[in-house]
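Right, one structure below, let's go through it.
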Amino acid sequence: MTDTTSPPVAGRGLPVATLIAGCLAVCLAQTGLAIPATLNGLFQTDLDTTGSQLTWISSATLLPVAVLGLTFGVFGDLFGRKRLLIGGALLMAAGEAASAAANSVHLLWAGQALVGVGAAAIFPSSLAMIAVGTRTNRQRATAIAAWSASLAGGGFVAPLLGGITANYGSWRWALIIVAMIGVVTAAVGFIAQDSSAPLGRSLDVKGQLAIAIGLFALLYAVIQGPSDGWDSAGVVLGFLVAAVFLTLFIVVEMRSRAPLLQLHLFKHRAFALSSVVAVVGMFSFIGTCYALSIRLGPIQHQSPLRTSVAFLLTNGPTMVLAPITAVLLARVAARWLLSSGFLLIAVGDVLLARLSITDRALPSLIVPLILVGMGFTLAVSSITATAVNTVPVRLAGMASATTSQLRDLGFTLGPAVIGAIALSRAASEFGNSLATSPLPEGVKAAAGQVAAAGGPLAVNSLPPQSPPGGAVPLALDALGHGYSVGFVVCACAALVSCLLAGLVLRGGRPKVNLAESEVEDTSPEPAAA
């Protein structure tokens with residue numbers, strides 16, 4: 001790696017201020033991505049959101065991370081990573097403050113989009129700042145382990161913070177606290193050591209525009225399909241625009257001297273398969289987390305504190321198993337850890353799908369959520385190692401970066417696709433149940449009007465004593481079945497990833513020390529939700 005700053009003095013390791021700034025920043029970024037899942041129920045109640053609008057809250061945060069991660073890595077190399085880290089923290093603070101002040105879901109979307117852009121700037125810059133400040137492989141491995149632990153810590157802190165503040169105050173306080181952490185992180189960033197690596201780096205503006213427009217159009221079509229109709233003009237146009245611009249992206253990347261996505265890596269059959277595993281597997285995990293947040297919040301109306309406990313069960317295994325997984329990666333072929341992880345996620349999803357929507361007891365969630373959390377820890381730690389082992393050593397850094405981009409794509413698609421499937425199924429089932437129910441015609445007509453405006457989620461939130469309130473049990477049952485289908489889809493995706501990793505991919509023990517890969521080509525695992 002070429003760096004414009006002076007290397008650390010011989011005999012001295014990474015500056016403490018840089019380590020603290022990088023770890024605090026990635027913890028902030030992960031907290032910002034994860035906290036909305038705890039608050040979905042309150043968003044739906046306070047802002048009167050529909051199902052598709054709830055999905056957009058998650059997508060507004062995740063889409064910038066998937067689209068801008070590698071570009072911000074280049075920005076950091078060209079203009080300085082310290083500047084990017086400080087700017088990202090301040091942008092997250094501004095986004096969370098705007099979200100806390102939002103009086104409509106549209107303003108909340110805008111605020112969360114700012115949060116996503118800030119997180120996209122922080123992930124690559126914080127990791128690169130830490131890695132380039134080390135002199136030895138041992139120092140680098142230790143520093144990156146601290147960075148990874150801080151990322152996992154953000155996923156653990158977010159539900160706890162969201163649950164406590166929202167339960168005893170307001171969901172707005174949770175976002176205000178994250179904004180305050182952002183300001184503190186920016187202040188700490190000023191005393192960190194700066195670094196950059198401009199040699200041979202350049203921006204791929206055409207590729208960035210093509211992938212941004214293509215992914216946004218795809219998400220728009222998928223998310224709006226259940227509410228607007230899959231044959232509506234806007235949805236059809238969204239799919240067409242997505243097809244055109246995603247195809248254009250591939251054409252641009254094939255001709256670019258500095259492409260965002262290294263397409264020639266897909267000539268390696270094993271790498272291509274591991275890339276599919278990255279997208280499909282991470283889709284299954286984040287889809288599970290999104291379906292869980294909707295089940296506990298907008299459907300069952302459980303308190304934020306009880307919802308946070310459920311997410312602690314999912315994130316807790318990462319805190320415990322991450323060090324063990326690191327040891328296993330040095331002794332066991334990564335593909336076996338990968339397949340085992342996805343198998344655990346699939347089993348957890350099947351158990352979640354079998355739960356009755358009227359079962360509000362937290363003990364029923366303990367086993368499936370711990371299985372999902374354990375599976376995610378094994379899988380996310382092994383994805384990059386598996387991809388790197390399938391290409392020549394000289395392409396290890398590039399393979400790691402490309403896999404990270406695809407992994408982020410899987411995270412972004414999870415809420416959109418699972419939300420679309422679950423809401424479409426629930427809307428169809430509710431319509432049929434309402435038509436054949438013995439409810440009075442007046443109640444049917446009133447409930448039908450509410451469903452036409454906001455879907456089954458809107459009916460499910462009606463006061464039982466209201467004129468259309470008699471249809472609430474029908475909406476609850478339809479939503480339960482719809483999101484059970486969502487869990488089954490996640491289970492199928494995890495099982496496909498398990499089979500691809502275990503039966504198709506080939507490779508021995510890890511041959512590449514990921515801590516020695518080119519850090520500027522590496523982006524993190526935003527374990528959202």
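All of these numbers come straight from a predicted model, not from anything done at the bench.
Proximity of Ile181 to Thr31: side-chain heavy atoms (C-beta onward) are nowhere separated by under 4.5 Å. Here the side chains of Leu42 and Pro304 are in contact, with some heavy-atom distance below 4.5 Å. A heavy-atom distance below 4.5 Å is found between the side chains of Met92 and Leu28. The side-chain heavy atoms of Leu378 and Leu338, taken from C-beta on, include no pair separated by under 4.5 Å.
Rounded to the nearest 0.5 Å, atoms CG (Leu365) and CG (Leu296) are 6.0 Å apart. The CD atom of Gln193 sits 12.0 Å away from the CG atom of Leu19 when rounded to the nearest 0.5 Å. To the nearest 0.5 Å, atoms CD1 (Ile286) and SG (Cys490) are separated by 10.0 Å. Interatomic distance, CD1 of Ile294 versus CD1 of Ile418, reported as 12.0 Å (0.5 Å rounding). Rounding to the nearest 0.5 Å places CG of Leu215 at 7.0 Å from CG of Leu413. Separation of atoms OG (Ser274) and CG (Leu500) is listed at 10.0 Å; rounding is to 0.5 Å.
Using a 30° and 60° split on the angle between ring planes, Phe285 and Phe376 fall in the parallel class, below 30°. Ring-plane geometry between Phe75 and Phe72 is classed as tilted, the angle between the planes lying from 30 to 60 degrees on a 0 to 90 degree scale.
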Would you mind writing out the side-chain donor-acceptor pairs for residues 120-131 within the sub-3.5 Å range, not counting sequence neighbours?
residue : atom : partner : partner atom : Å
Ser125  : OG   : Ala121  : O            : 2.7
Ser125  : OG   : Ile122  : O            : 3.2
Ser126  : OG   : Ile122  : O            : 2.8
Ser126  : OG   : Phe123  : O            : 3.2
Ser126  : OG   : Trp147  : NE1          : 2.9

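If you run side chain to side chain contact (heavy atoms under 4.5 Å, CB included) between Leu219 and each of Leu62, Leu63, Val417, Thr55, only Leu63 comes through. The one candidate from Ile191, Thr185, Val188 that meets the side chain to side chain contact (heavy atoms under 4.5 Å, CB included) condition with Ile20 is Val188.
Minimum interatomic distance between Ala21 and Gly189 (heavy atoms only, all atoms of both residues): CB-CA, 4.1 Å. When all heavy atoms of Gly95 and Val115 are compared, the pair lying nearest together is C-CG2, 3.7 Å. Residue Asp194 comes nearest to Arg83 through the heavy atom pair OD1-N, 4.5 Å, listed as atom of the first residue, atom of the second, then distance. Listed here is the closest heavy atom pair of Thr165 and Leu161: OG1-O, 2.7 Å. Scanning both residues, Leu39 and Ala174, for their nearest heavy atoms gives CD1-CB, 4.3 Å. Residues Ser59 and Pro64 come closest through the heavy atom pair O-CD, 4.2 Å.
Shown here is Phe266, whose CZ atom has more than 12 heavy atoms of other residues, nucleotides or ligands within 6.0 Å. Shown here is Arg306, whose CZ atom has more than 12 heavy atoms of other residues, nucleotides or ligands within 6.0 Å. By the 6.0 Å contact criterion, CZ on Phe43 is enclosed, its count of non-hydrogen atoms from other residues, nucleotides or ligands being greater than 12.
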Val65 and Thr412: CA distance, side-chain angles, deciding distance, side-chain contact (heavy atoms from CB on, under 4.5 Å) verdict
CA-CA 8 Å; Val65 176; Thr412 305; over 6 Å; no
Decide side-chain contact (heavy atoms from CB on, under 4.5 Å) for Leu305 and Ser308; before the verdict, give the C-alpha distance in whole Å, the side-chain angles of both, and the deciding distance to 0.1 Å.
CA-CA 5 Å; Leu305 192 59; Ser308 69; 3.9 Å; yes
Stepwise side-chain contact (heavy atoms from CB on, under 4.5 Å) check, Val279 with Arg407:
CA-CA 5 Å; Val279 175; Arg407 186 174 55 232; over 6 Å; no
Quick one, Val67 with Phe216, criterion side-chain contact (heavy atoms from CB on, under 4.5 Å). Give me CA distance, side-chain angles, the key distance, then yes/no.
CA-CA 9 Å; Val67 172; Phe216 179 81; over 6 Å; no
What verdict does the side chain to side chain donor-acceptor pair (under 3.5 Å) test give for Gln112 and Ser99, after you've listed the backbone C-alpha separation in whole Å, the side-chain angles of each residue and the deciding distance to 0.1 Å?
CA-CA 7 Å; Gln112 288 302 294; Ser99 298; 3.0 Å; yes
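For the side chain to side chain donor-acceptor pair (under 3.5 Å) condition, no pair includes a residue of residues 173-182, sequence neighbours left out.
Looking only at distances, a side-chain donor or acceptor of Trp109 sits under 3.5 Å from a matching main-chain atom of Gln53. In this structure a side-chain-to-backbone donor-acceptor pair under 3.5 Å is missing from Lys206 to Val252.
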